[in-house]
Structures are given as structure tokens and as C-alpha cells.
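Notes follow once the structure below has been shown.
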Number of protein chains: 2
Amino acid sequence: MTDTAICPKFEAALNILNKRWTGLIIFQLLEGAQRFSTIESAIGISGRVLSERLKDLEKHGIVKRSVYDETPVRIEYELTEKGIALQPVLENIQTWAESWMESKPLV
Amino acid sequence: MTDTAICPKFEAALNILNKRWTGLIIFQLLEGAQRFSTIESAIGISGRVLSERLKDLEKHGIVKRSVYDETPVRIEYELTEKGIALQPVLENIQTWAESWMESKPLV
DNA sequence: TATACTTAGTTACATAAAGTAAGTTAATAA
DNA sequence: TTATTAACTTACTTTATGTAACTAAGTATA
């Protein structure tokens, strides 16, 4: 992407949030810590991409990964404070969607 | 995408907003009606994709396209009421970005 | 008249991202 | 010894995006 006159923090934020699946993953994790496979089936993302996104979100400090040494191993993902701070964004989208989106797709 | 238990309107909204460039295009249009080439250079998107996105946003009633029969022809894109209603979403992202994003990318 | 200029695209082709399905690892249960 | 489970990863296919050249309509200029 080339330079823009837009605030770099805002643009960086959009570069994370605008990625496919990111919104749904965060929304899903607002319900609390969850395992990989739970997220996977809850939002219908492929394992390959979920793995990629979670690493990305972890790198950005939005998601925290915890390993519990059980059998089989339990790994849980949860939002950090930074991630939880996105709740108002998601809520706003939801409010907008309820006011303005059609129930049935236009197609 | 497979079915989820998530509110379909919310999911449909995310399917629009989560697309690359959509957020920046809407943000840019919050400043008022603008021409194709203005948006293109303002946010650094390729013409090919901008054309695609604007058609999409128009189809969803978020953007309105107006043709002014001047020379050369002037075509302007602006947000509809539905599109303007997204302003709080973008503002929330901006607020979040200011609080939580690093100035420099983490690499 | 012929050539050039402008905006708003479109087209053809190359590269990057996402989807699919099978395979891997580690611990344990049958 | 074989099977099971969760959490990935790998190889491969399909889709999305980037790049650069091209088109169309309406003048303006040589």
C-alpha cells in the first residue's frame, strides 16, 4: 500500500480489522476464552487461516494464547485488554447492521 | 462461508466492512462527495479494485454515484444516509487506534 | 482534419491470499 | 499395537488483488 494522508495509527488499525475473518474472530472471543476448534466451527473459518489470524492477533497484542497441559493438550485463546477494547467497535457495527441491513441478501 | 449461529445481519455487515479497502473508502467519503481519481490517490487503492468496491457499496446502498454532464464528464461518489450512519463505527476504530496502536509498526 | 488531452473506467496478466483436504505431533486409551 | 484427540502444518487449488496498458466520449489544439 502506498502512503496516505490518513492518521497512521488509524490506518494500521484498519489493516488489522479489515482483514477477512478478523472481526468475526474478535466478536467470537468477546464471549470468553475459547479453543481453536471452537472458534473454527463457530464462525466457519478454515484451520489454515484461523491459525494465521490468531498468530497475527497475538502479535498485535489483541489475543492471548494459553496452554494447559492436559491430555490432550488444551489451548485457549482470549482477548487481551486491548482486544476487549474493541467491543464498542463491534457493538457499533451490530447496531448499524440492525438498523440498516436487509434480512435477506439483495442478490 | 458456512452457516454460523451469529446474527445474519451482523455477519452480512462484517462481510462488507471486512473487505480490504472498504473502511478506508467510507472514511474518505465521510469528507464529502468525491471523484473516482480523488479517492484512488487519497487512499492508494488500485483503480481496478476501487471500481469493484464502489459498485459493491452502491449495490448495498452505502454509496451513491452521480453523473454530471460536464467536459470531461464529472462523476462523484458520496455516502448515502446508510453510509453516513457508519461514521460512529469509523470514529470508534479511530479512538481505539489512538489508545492502543503503536506509532511504529511492530514489524 | 488529425492529434492530443481528460476522466472514468476495463482488460489481460502476474502475484498474493484464502479454501480444501490430507498429514503431523504428542499424549494417552483400548 | 492401533486408535483417538486437539492443534496445527503442508501441498495444492481457487479466488482476490496489484500492475500496467487500453478504451470511450467529449472537447481543445495544431
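Lettering of chains follows the sequences in order, A, B, ..., and the numbering in each one begins at 1.
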Nearest-nucleotide pick for A/Tyr77, side chain only, options being D/dC8, C/dA8, C/dA18: D/dC8
A/Leu24 CG - C/dA18 P separation (whole Å): 14 Å
Short side-chain N/O contact to C/dT10 OP1/OP2 from B/Lys55, under 4.0 Å: yes
Residue whose nearest DNA chain C nucleotide is more 5′ - B/Glu52 or A/Arg53: B/Glu52
Short side-chain N/O contact to D/dA25 OP1/OP2 from B/Arg74, under 4.0 Å: no
Distance test, side-chain N/O of A/Ser46 to OP1/OP2 of C/dG19, below 4.0 Å: yes
Ionic contact status for B/Lys19 with B/Asp56, cut-off 4.0 Å: yes
Length of the CZ-P vector between B/Arg48 and D/dA20, whole Å: 14 Å
Whole-Å distance separating the CD1 atom of B/Ile25 from the C1' atom of D/dT17: 13 Å
Under-4.0 Å side-chain N/O to phosphate OP1/OP2 contact, A/Tyr68 with D/dA7: no
Closest heavy-atom pair and its distance - A/Ile16, A/Thr22: O-OG1, 3.2 Å
Whole-Å distance separating the CD atom of B/Glu76 from the C1' atom of C/dT7: 12 Å
Between D/dA6 (C1') and A/Arg35 (CZ): distance, integer Å: 7 Å
Whole-Å gap separating C1' (D/dA16) and CZ (B/Arg20): 9 Å
A/Glu40 CD - D/dT9 C1' separation (whole Å): 13 Å
Residue A/Phe36, side-chain atoms from C-beta onward, closest of C/dA27, C/dG9, D/dA7: D/dA7
DNA chain C: 5'-proximal contact among A/Lys19 and A/Glu70 (nearest heavy atom): A/Lys19
Residue pair A/Gln28 / A/Gln34, side-chain donor-acceptor N/O under 3.5 Å: yes
Gap between atoms CG and P, on A/Asn18 and D/dT17 respectively (whole Å): 10 Å
Short side-chain to backbone donor-acceptor contact, B/Trp96 and A/Lys82, under 3.5 Å: yes
Whichever of B/Asp69 and A/Ser37 has its nearest DNA chain D nucleotide further upstream toward 5': A/Ser37
Salt bridge B/Arg74-B/Glu76, side-chain N to carboxylate O under 4.0 Å: yes
